[in-house]
Every structure is written in structure tokens, then in C-alpha cells.
Amino acid sequence: MKVFKSVKSLKHDLSFIDKKYSIGLVPTMGALHEGHLSIVKKGKKENDFVIVSIFVNPTQFDNEEDLKKYPVTLDKDLKLLQEINCDFVFIPRVDEMYNSSIVANNFNFQGLDKVMEGTHRKGHFEGVGTIVNKFFKIINPNKAYFGEKDFQQLQIIKKLVEIKNLPIQIVACKIFREKDGLAMSSRNARLTTQQRKAAPLIYNTLLKSKEFFYKKDIKYIKDFVEMEFKNDDLLQLEYFEIADIKTLKPVININESENYRAFIAAFSGTIRLIDNMALN
Ligand code: AMP
């Protein structure tokens, strides 16, 4: 496994890879868990080379505190990646990715960024779009892998590739969960024992909303979820939405020929957790 800490050194080595070989890119912010590793293994299987980037991207954080406290476990991450035979790891510095101006570019994601995470985390998707676009330009991968855990992000990256007309296949990867259903996340490491015990409520209410999907109307399901969180002292619901998977617009009336997902964002203390589930 080769570790690159500068764009120049990565580009230099990539220039020696013959075009007949395929490259899969797995962008991450580090503090790797089983969910990340399963994506890397998939990338490894489907390509001749897999590159994992580890970069805590400042422009996608709308909250200074969240950025400062984002877990960094670089030595452990490298060990885990080595164990699964990752080919390349790219760990650039912030100043190299952004030069002197740490700002995001503007994109027209055609409304996909105007709902859910987009309304609650101002500028988040512009930051994500900016950094992923930079990685795409540097690496030029054949395929890039994104988790359904961040389903809105996944749809936005697909849109980015479409509007920029990039020859990159975006591969969606299913959500990895702990035994009690909590979606794996780097932020879970910051939960106290009590908070960790309470956190599967997010998964359990998603499961319930799936059960209710064809039996009850949307208002009933939303009221139910809100009440479940009101009754819990350790989790504060930020939003619950049922949305069309293509437009991400909240659904009012169900059309049986469309596909829907339920989305939740909730705070456990200051730690923000998100999850989602396919409903049909
Ligand atoms: P992050 O390091 O949180 O930016 O995540 C890097 C990539 O891993 C993103 O595409 C995430 O959607 C994906 N990911 C994170 N957690 C999970 C999970 N529990 N299951 C599947 N994919 C995940």
C-alpha cells in the first residue's frame, strides 16, 4: 500500500498506470469503520486499483465545533487499509487542496441541495461538490464509491457527474449497521455510553415508518416519529422526511410507481446523526 501526502506525488505515480487498468476512488474523512472498509473491499474487487482519500474537508462543515471535534485516527486507519490490501491512500493537506482560499464553489444541483441536509447545513453540499470535484480532476477514476448512509450526498454526486459530463461511474453502497441497527458512523465514537444506548431509536423509527408506509398516511407517520423522539430525553429530532428518491422532494401523496425513502437527522447532545431507509 502506498501513501501519498501531496497531489504532485499521487499524480506522478498515477501517470505510470496504463489506461487499460481501472481505478476506483473511495472518498472518506477518515476515522474508518467497517462501513468504510466494506466500500474499499468492493472498490478493490471491481477495479485494478483502489484509492482511498482521507480528508476532513473544512468547506462542508457549517459548524466550527463539529469540524474541530471530528475524530482523527490516521495511524489506525492506515493499519486497517493495509490489512485489506488497499492500493493507494491519498491524504492531502488543506492548504494544498484549497491554496489560500478555503471556500466552496457554486453548483446548480437542480434543487437536490435545497431540502433536508441542504436546509439544515448551510453550504454543506457546495463544500462536498467542491472537494469531490477536485478529487475527480486529480485522480480521474473510472468508478467512485459513495454510501447510501449519506443518500442525499450520493444523489448530488450523481448530479455533479451529470452536469459536468464526467466519464465516472458512481457506485452506491448499502448502509452498514451495528448489531442493534445504528448506522455506522465516525461520529458514533463521540457518543457517551448512555447516548450510544439510546441511538438505535433512529433505526427503529425508520423501521416503523417502513411498516406504516402502505398502511397509514404521511401525516400519521410523521406525527408518530415526532412523538417517539419527544418521548426520548437523549435524542432531539431535527427532521424526519419521506421523500422521492430521485427528486428528494418530500412526498405528500404516494404514487405507487415511484420509490421513496425515509430520512432522519437527530442530535444526541451536540453530536448530529443521520440515517435513512428505503420504504418500497
Ligand atoms: P465519511 O468518512 O463519513 O465522509 O464517509 C465516507 C463514505 O463512506 C461516504 O460515501 C459515506 O456515505 C460512506 N459511509 C459512511 N458510513 C457508512 C455506513 N455506515 N454504511 C455505508 N457507507 C457509509
Side-chain angles (χ1 to χ4, degrees), residues 24-44 46 50-63 66-67 69-74 76-78 80-81 84 86 89-92 94 97 104 112 116-117 121 124-125 127-136 139 141 143-161 168-191 196 199-200 202-203 206 245 248 261 263-266 271-278:
L25 169 65
V26 183
T28 81
M29 296 206 296
L32 302 181
H33 51 65
E34 227 10 85
H36 293 116
L37 298 179
S38 71
I39 301 182
V40 181
K41 285 180 200 159
K42 186 174 167 70
K44 173 108 189 135
E46 295 181 358
V50 66
I51 303 184
V52 175
S53 61
I54 298 180
F55 184 70
V56 182
N57 175 35
T59 61
Q60 72 187 68
F61 285 79
D62 63 329
N63 177 329
D66 190 27
L67 172 60
K69 294 217 168 126
Y70 199 84
V72 176
T73 58
L74 193 54
K76 186 174 159 226
D77 292 351
L78 292 176
L80 290 169
L81 291 172
I84 59 167
C86 172
V89 189
F90 180 42
I91 318 173
V94 173
M97 292 312 292
L112 293 176
M116 299 188 288
E117 293 300 282
R121 300 184 74 189
H124 172 66
F125 288 120
V128 170
T130 301
I131 195 64
V132 172
N133 195 38
K134 283 177 192 275
F135 285 147
F136 284 172
I139 296 165
K143 293 184 181 179
Y145 295 79
F146 292 86
E148 289 183 341
K149 157 87 172 18
D150 301 278
F151 192 83
Q152 192 173 2
Q153 168 175 280
L154 167 70
Q155 299 302 65
I156 281 175
I157 299 298
K158 283 185 185 164
K159 186 57 76 184
L160 175 76
V161 164
I168 302 171
Q169 186 188 335
I170 302 303
V171 183
C173 306
K174 69 181 172 82
I175 301 176
F176 270 72
R177 301 182 177 281
E178 303 289 353
K179 282 204 179 75
D180 58 9
L182 177 65
M184 289 184 185
S185 163
S186 306
R187 290 186 175 87
N188 293 351
R190 294 181 51 210
L191 298 170
R196 174 62 189 81
I202 298 171
Y203 173 68
L206 286 172
I245 63 161
L248 298 181
R261 283 180 102 95
F263 297 82
I264 285 184
I271 303 154
R272 191 169 182 279
L273 302 171
I274 60 169
D275 198 355
N276 69 89
M277 187 178 284

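Computed over heavy atoms, backbone and side chain alike; hydrogens, waters and symmetry mates excluded. Throughout, numbering of the chain's residues begins at 1 and tracks the sequence. Both counts, for ligands and for their atoms, begin at 1 and track the order of listing.
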Problem - salt bridge (charged side-chain N to carboxylate O under 4.0 Å, His left out) partners of Arg190, counting only residues at least two apart - result: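 Here the qualifying residues are Asp66.
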Problem - Side chains of Met97 and Ile131 in contact at under 4.5 Å (non-hydrogen atoms) - result: yes
Exercise for the section: Please confirm whether Arg261 makes a cation-pi placement over Phe151, using NZ or CZ under 6.0 Å from the six-membered ring centre and within 45° of the ring normal. Expected result: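 Cation-pi check for Arg261 and Phe151: passes.
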Handout entry: Over-ring placement of Lys174 relative to Phe176, 6.0 Å and 45° cut-offs
Key =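 The answer is yes; both the distance and angle limits are met.
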Taking a 3.5 Å cut-off between nitrogen or oxygen atoms, can you list every pair linking ligand 1 to the protein, with distances?
from     : atom 1 : to     : atom 2 : distance (Å)
ligand 1 : 2 (O)  : Met29  : N      : 2.9
ligand 1 : 2 (O)  : His36  : NE2    : 2.9
ligand 1 : 5 (O)  : His36  : NE2    : 3.3
ligand 1 : 10 (O) : Gly147 : N      : 2.9
ligand 1 : 12 (O) : Gly147 : N      : 3.2
ligand 1 : 12 (O) : Gly147 : O      : 3.3
ligand 1 : 12 (O) : Asp150 : OD2    : 2.6
ligand 1 : 16 (N) : His33  : NE2    : 3.4
ligand 1 : 16 (N) : Met184 : O      : 3.4
ligand 1 : 19 (N) : Phe176 : O      : 2.9
ligand 1 : 19 (N) : Met184 : N      : 3.4
ligand 1 : 19 (N) : Met184 : O      : 2.8
ligand 1 : 20 (N) : Phe176 : N      : 2.8

Handout entry: Atom pair CD1 (Ile84) and NZ (Lys41), whose distance is rounded to the nearest 0.5 Å
Key = 6.0 Å
Handout entry: Nearest-0.5 Å distance that lies between atom CZ in Phe135 and atom CG in Asn57
Key =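 Output value for this atom pair is 7.5 Å.
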